[in-house]
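This report concerns only the one structure given below.
Hydrogens, waters and symmetry mates are skipped; everything else that's a heavy atom, side chains included, is used. What you see is a predicted model; the values in this text were computed from it and never measured.
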Amino acid sequence: DPKPIEHLSRLGITVSTRFEHFGDLDDLEEATTAFHDSLELMSDGDLNLSTALNNYGAALFVRFERLGNIEDPDFAIALHRRTILMTVGDCPSHHTNLGNASLARYKCTRELGDLDQAILSHRHALELAPDEHPGKPSLLGNFGNSLLARFRHTKELDDLEQAVSA
């Protein structure tokens, strides 16, 4: 029965939107739980699975940004990778979400591999997005932030120059 899945997905989106507007952490937790629970009810063949994975990964990223739970980026990365594998055609937002989660994990671990993954994901998102894409400025900003973080880590001037031109 798809009704409980649809209800949980809508609940997650609605409560997530309310969190964005008012900033109540209880709303963020409720949204994260709703996205998790909707995934628990889905099968691998569900047509909405990639969207549900992406929504849950995005909620975990936001939760990490607000609360600092260091397990959230790890799980978000796994969810976004699975989303990318399941999506027919490439979607810039899926790649930028993976990049953002990788950058978040880098901030915890200081592992250069996480930073490299963030840069690759953000670069790929930019390559996928046409110039008229409404999210292009945000994609450029994410790419520049990742390059700036790598410059700060490695002191490679090329990263700084790419970040400035992004």
Side-chain angles (χ1 to χ4, degrees), residues 1-109 111 113-130 132-136 138-139 141-143 145-146:
D1 180 18
K3 293 257 187 244
I5 296 170
E6 291 171 12
H7 169 74
L8 288 166
S9 295
R10 277 195 308 275
L11 175 64
I13 291 166
T14 303
V15 176
S16 181
T17 302
R18 188 171 66 190
F19 166 75
E20 290 169 10
H21 188 71
F22 295 109
D24 185 344
L25 292 176
D26 288 338
D27 287 339
L28 178 59
E29 285 300 323
E30 186 176 353
T32 304
T33 299
F35 290 136
H36 172 269
D37 292 349
S38 72
L39 276 173
E40 290 291 311
L41 296 173
M42 290 184 179
S43 64
D44 283 341
D46 194 299
L47 295 175
N48 295 315
L49 183 58
S50 65
T51 300
L53 290 165
N54 192 57
N55 288 343
Y56 186 32
L60 290 171
F61 172 74
V62 171
R63 187 170 74 180
F64 168 76
E65 290 281 296
R66 292 301 293 269
L67 301 176
N69 181 354
I70 60 173
E71 288 109 24
D72 286 344
D74 291 339
F75 199 35
I77 287 168
L79 292 167
H80 290 308
R81 284 186 174 148
R82 190 169 170 207
T83 300
I84 289 167
L85 290 174
M86 294 185 67
T87 304
V88 176
D90 278 323
C91 178
S93 66
H94 294 332
H95 291 277
T96 204
N97 287 346
L98 175 58
N100 289 341
S102 298
L103 182 59
R105 184 164 68 184
Y106 164 76
K107 290 176 183 177
C108 292
T109 66
E111 291 288 328
D114 291 328
L115 196 46
D116 291 340
Q117 177 62 59
I119 291 167
L120 284 171
S121 295
H122 287 136
R123 180 178 285 129
H124 193 61
L126 275 171
E127 290 167 355
L128 291 171
E132 64 277 1
H133 189 284
K136 193 80 169 199
S138 179
L139 298 176
N142 289 332
F143 181 54
N145 288 338
S146 294

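Side-chain contact check for Asn100 versus His80: every heavy-atom pair is 4.5 Å or farther apart. Looking at heavy atoms from C-beta onward, Phe143 lies out of side-chain contact with Thr96 at the 4.5 angstrom threshold. Looking only at side-chain heavy atoms (C-beta outward), Leu115 and Ser102 stay at 4.5 Å or farther from each other. When side chains are defined from C-beta on, Leu103 does not count as touching Asp114, because their heavy atoms never get closer than 4.5 Å. Residues Phe64 and Cys108 meet the side-chain proximity criterion, which asks for heavy atoms closer than 4.5 Å. Residues Phe75 and Leu79 have side chains in contact (heavy-atom distance under 4.5 Å, counting atoms from C-beta outward). Contact check for Leu8 versus Leu39: no side-chain heavy atoms found under the 4.5 Å cut-off.
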* To do: Dump the intermediate steps for side-chain contact (heavy atoms from CB on, under 4.5 Å) on Ile84 and Leu98, then the final yes or no.
  => CA-CA 9 Å; Ile84 289 167; Leu98 175 58; 3.8 Å; yes
* Asked: Can you check side-chain contact (heavy atoms from CB on, under 4.5 Å) on Phe19 and Leu25, steps first, answer last?
  -> CA-CA 7 Å; Phe19 166 75; Leu25 292 176; 3.9 Å; yes
* **Asp72 vs Phe61, side-chain contact (heavy atoms from CB on, under 4.5 Å): CA-CA, chis, key distance, verdict** => CA-CA 6 Å; Asp72 286 344; Phe61 172 74; over 6 Å; no
* When you look at His122 and Leu126, which way does the side-chain contact (heavy atoms from CB on, under 4.5 Å) test go after all the steps? -> CA-CA 6 Å; His122 287 136; Leu126 275 171; 5.9 Å; no
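For His124 (side chain) and Leu120 (main-chain N/O), no donor-acceptor pair under 3.5 Å exists by modelled atom type. Judged by distance alone, the side chain of Asn145 and the main-chain N or O of Gly141 form a donor-acceptor pair under 3.5 Å.
The distance from the OG atom of Ser93 to the CG atom of Leu139 is 8.5 Å, given to the nearest 0.5 Å. Here the OH atom belonging to Tyr56 is positioned 9.5 Å from the OG atom belonging to Ser38, to the nearest 0.5 angstrom. For the atom pair Met42 CE and Ile5 CD1, the distance stands at 5.0 Å (nearest 0.5 Å). Once rounded to the nearest 0.5 Å, the distance linking CG of Asp74 with CG of Asn69 reads 9.5 Å.
Smallest separation of non-hydrogen atoms from Gly135 and His133: N-ND1, 2.9 Å. Closest non-hydrogen pair, Ala104 versus Glu65, comes out as CB-OE2, 4.4 Å. Here the shortest heavy-atom pairing between Pro92 and Leu128 reads CG-CB, 3.9 Å. Shortest non-hydrogen contact noted between Asn54 and Thr83 is N-OG1, 3.4 Å. Nearest heavy-atom pair across His95 and Ser121 is O-CB, 3.2 Å. Considering every non-hydrogen atom in both Ser146 and Ala118, the closest pair reads OG-CB, 3.8 Å.
Between Arg63 and Glu29 a salt bridge is recorded (basic side-chain N to carboxylate O distance below 4.0 Å). The pair Arg18-Asp24 does not meet the salt-bridge criterion, since no charged nitrogen lies less than 4.0 angstrom from a carboxylate oxygen.
Applying the 6.0 Å contact sphere to CD1 of Ile70 captures no more than 12 heavy atoms from other residues, nucleotides or ligands. The neighbour count for Leu47 CG, taken as heavy atoms of other residues, nucleotides or ligands under 6.0 Å away, does not exceed 12.
Scored by the ring pair (Phe, Tyr, Trp, His ring centres under 6.0 Å) test, His94 finds no partners at all (sequence neighbours excluded).
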